[in-house]
Amino acid sequence: MRVLFVTTEMDDFVRVGGLGAVSAALPRALRPFADIRIMLPGYRDIIEQLTHIQIVGRCPAFAEMPACSLGRAATKDGMPVYVLLCSQLYDRPGNPYGDESGRDWPDNDIRFARFASAAAELAMGKLDKNWAADLIHANDWQASLVPAYLAWRGAKLPSILTIHNLAYQGLFPKEALRRIGAPESSFHIDGVEFYDQVSFLKAGLVYASHLTTVSGTYAREITTEEFGCGLEGLLRLRSDASELTGILNGIDESWDPRSCAQLAQQFGAGDWAGKRANADYVRKQFGLAVSRGPMFGIVARLVHQKGIDLVLSAADEIVDAGGQIVVTGSGEPALEQALIDAHRRRPDAIGVVIGFNEAQARRIFAGSDFTLMPSRFEPCGLSQMYAQRFGSLPIGHQTGGLAETITDGETGFLFSKPSRDSFLGGVRRAFSAFMAQDQLDTMRRSAMGRSFSWTISAGSYNALYRKLASV
């Protein structure tokens with residue numbers, strides 16, 4: 001079965017959030033089941049890392065979108081990758097979505113509509129004369145127009161859209177309709193229109209054959225007003241028609257502290273001296289005082305969704321009780337600055353590095369006793385899985401993937417509301433466990449024994465692919 005996996009991030013080359021990790025792991029886990037190929041925009045970072053790109057097709061200019069070429073290459077382990085080559089759209093500094101100061105590119109409508117339109121052409125067999133898709137799997141708002149372009153061009157190809165985070169929707173003024181060559185007739189409540197704007201994500205929700213999201217709990221949550229971001233009515237309709245499925249993400253097999261090369265010292269369950277060696281290393285790296293108290297790690301995008309403000313409001317209590325906090329990540333400038341200020345206030349107990357470095361993130365999971373995840377909502381979350389594998393017990397809000405992957409009191413701690421008091425209730429339970437050595441030991445062993453293999457997720461996606469392809 002031939003599957004085109006359309007994404008704007010892949011850890012091999014470029015990563016902004018969890019989508020990059022999923023795009024690197026899920027297609028590889030699906031290779032035993034399908035001829036799966038990945039399509040990416042030709043960002044500067046990707047072009048520089050691919051050694052040989054063969055041009056297989058060309059897309060003429062369309063509406064206000066420039067002409068471009070399609071290249072085919074492969075990852076080091078042989079995964080086929082298509083890249084859309086258009087230097088005026090993708091050869092830029094910054095990240096895939098915005099400039100170096102974090103502002104969205106003003107032409108993101110054209111950048112991602114051009115990408116989606118080309119993906120539809122490729123899937124239909126119009127670009128690579130040697131390959132066409134039986135099914136197309138699009139991810140998040142940047143690829144959400146793929147099912148729409150298929151529909152507008154009369155193609156009967158089945159499509160899946162995976163919602164990794166409903167809060168990011170790709171909203172543009174109505175003029176975008178003309179710029180991206182979308183039919184005027186699509187601008188209505190049952191099409192791409194959303195409060196008099198063009199919503200790329202809504203286009204996918206309307207036109208895709210099937211919708212998936214990254215946990216069963218989040219699949220239910222997004223059909224409610226609280227989590228539906230104004231799209232809950234449409235999502236309820238798709239859910240009631242059995243066209244919305246939650247499939248939990250997995251994590252890469254490299255997340256094993258017994259073999260992870262980036263750690264200060266490798267260790268397994270029961271080797272707590274090895275875990276302490278990582279804690280000592282992290283304390284030294286972050287300039288923290290020597291301590292016998294618990295270390296609380298945060299590896300996250302520093303945005304409101306992740307509840308960083310709740311951590312800041314609880315930081316003094318954590319430190320006064322003998323705890324230390326280490327943070328790495330980047331995001332909203334105000335939250336970054338607030339964390340830097342907290343570090344300056346308590347430099348011996350709060351360590352902060354703005355930016356992301358995977359080796360450092362792995363050492364924080366390995367060295368910390370607990371991982372703080374007070375997210376207001378969390379479609380799936382990966383950090384709580386990484387943390388458990390590395391013996392760092394997650395403290396998470398009972399929502400989305402956190403509710404599904406943390407067993408309260410066994411492999412971590414769940415709290416019920418995204419509020420300071422509820423969060424501190426979880427933190428205090430963690431302190432109690434830390435003081436009770438037998439309980440801490442049992443919980444760590446349980447957490448480290450968890451399996452979050454992609455094989456399970458891949459089996460669910462394969463079954464869904466085959467069901468849709470047979471309709």
[X] and [Y]: side-chain donor and acceptor closer than 3.5 Å?
X	Y	result
E193	S199	no
R376	H304	yes
Q49	D45	no
Q398	S416	no

With sequence neighbours excluded, residues passing ring pair (Phe, Tyr, Trp, His ring centres under 6.0 Å) with F413: none

Cation-aromatic face contact R92/W105, 6.0 Å, 45 degrees: yes

Mutual orientation of the aromatic rings belonging to Y461 and Y465 [parallel < 30°, tilted 30-60°, perpendicular > 60°]: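 Tilted, since the angle between the ring planes falls between 30° and 60°.
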
So, [X] and [Y], do they make that salt bridge, N to O below 4.0 Å?
X	Y	answer
K174	D196	no
R28	D252	no
R362	E358	yes

Main chain of [Y], side chain of [X]: is a donor-acceptor contact present, judged purely on distance under 3.5 Å?
X	Y	result
Q384	L372	no
D107	I110	no
D134	R2	yes
S215	P379	yes
N108	Y97	yes
E404	G216	yes
E336	G331	yes
T213	I163	yes
S457	L248	yes

Verdict with supporting geometry, R301 and S330, side chain to side chain contact (heavy atoms under 4.5 Å, CB included): CA-CA 5 Å; R301 282 183 300 116; S330 60; over 6 Å; no

Are side-chain heavy atoms of [X] and [Y] found at a separation under 4.5 Å?
X	Y	result
C68	L85	no
R31	M79	yes
L402	P394	no
M10	F13	yes
L171	V198	no
L312	L339	yes
R450	T407	yes
I53	V83	yes

Working to the nearest 0.5 angstrom, can you tell me the gap between [X] [atom1] and [Y] [atom2]?
X	Y	atom1	atom2	answer
L211	I222	CG	CD1	7.5 Å
Q305	E332	CD	CD	9.5 Å
L150	S209	CG	OG	8.5 Å
S460	I247	OG	CD1	5.0 Å
F286	I325	CZ	CD1	12.0 Å
R15	E9	CZ	CD	8.5 Å

Q266 and R258: CA distance, side-chain angles, deciding distance, side-chain hydrogen bond (donor to acceptor under 3.5 Å, both in side chains) verdict: CA-CA 5 Å; Q266 293 166 353; R258 296 169 299 181; over 6 Å; no

Pair F200 + F172: ring centers closer than 6.0 Å: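 Under 6.0 Å, so yes.
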
Test side chain to side chain contact (heavy atoms under 4.5 Å, CB included) applied to L122 and L84, D128, I136, V146, the passing residue: D128

Considering all heavy atoms, the nearest [X]-[Y] contact:
X	Y	value
D256	F390	N-CE1, 3.6 Å
V282	R363	CG2-O, 3.4 Å
F5	S23	CE2-OG, 3.7 Å
L382	A21	CD1-CB, 3.8 Å
T224	E232	O-CB, 3.5 Å
S375	T399	O-CG2, 4.0 Å

Within 6.0 angstrom of I189 CD1, more than 12 heavy atoms from elsewhere: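 Open.
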
Side chain to side chain contact (heavy atoms under 4.5 Å, CB included) between L414 and I395, worked out: CA-CA 6 Å; L414 292 169; I395 303 168; over 6 Å; no

Among R114, R178, R111, the one residue meeting salt bridge (charged side-chain N to carboxylate O under 4.0 Å, His left out) with E64: R178

side-chain hydrogen bond (donor to acceptor under 3.5 Å, both in side chains) contacts touching residues 139-162 (sequence neighbours left out):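 For residues 139-162: S117-R153, E121-R153, H137-T162, N139-H164, W152-Y207, T162-T212.
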
Side chain to side chain contact (heavy atoms under 4.5 Å, CB included) involving T223 - partner list, sequence neighbours excluded: L235, R236, S239, L244

Side chain to side chain contact (heavy atoms under 4.5 Å, CB included) between D12 and K76, intermediate numbers included: CA-CA 9 Å; D12 298 51; K76 289 186 179 73; over 6 Å; no

Intermediate values then yes/no, side chain to side chain contact (heavy atoms under 4.5 Å, CB included), V6 and L4: CA-CA 6 Å; V6 187; L4 183 63; 3.9 Å; yes

K306: side chain to side chain donor-acceptor pair (under 3.5 Å) partners, not counting sequence neighbours: E378

Could you pull out every donor-acceptor pair under 3.5 Å between side chains of residues 36-43 and any protein atom, sequence neighbours left out?
{"unit_1": "R37", "atom_1": "NE", "unit_2": "D35", "atom_2": "OD1", "d": "3.2"}
{"unit_1": "R37", "atom_1": "NH1", "unit_2": "Y82", "atom_2": "OH", "d": "2.9"}
{"unit_1": "Y43", "atom_1": "OH", "unit_2": "T8", "atom_2": "O", "d": "3.0"}

Residues that D190 engages under salt bridge (Lys or Arg N to Asp or Glu O under 4.0 Å), provided they are two or more places apart: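 Testing D190 for salt bridge (Lys or Arg N to Asp or Glu O under 4.0 Å), a comparison that skips the adjacent residues, returns none.
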
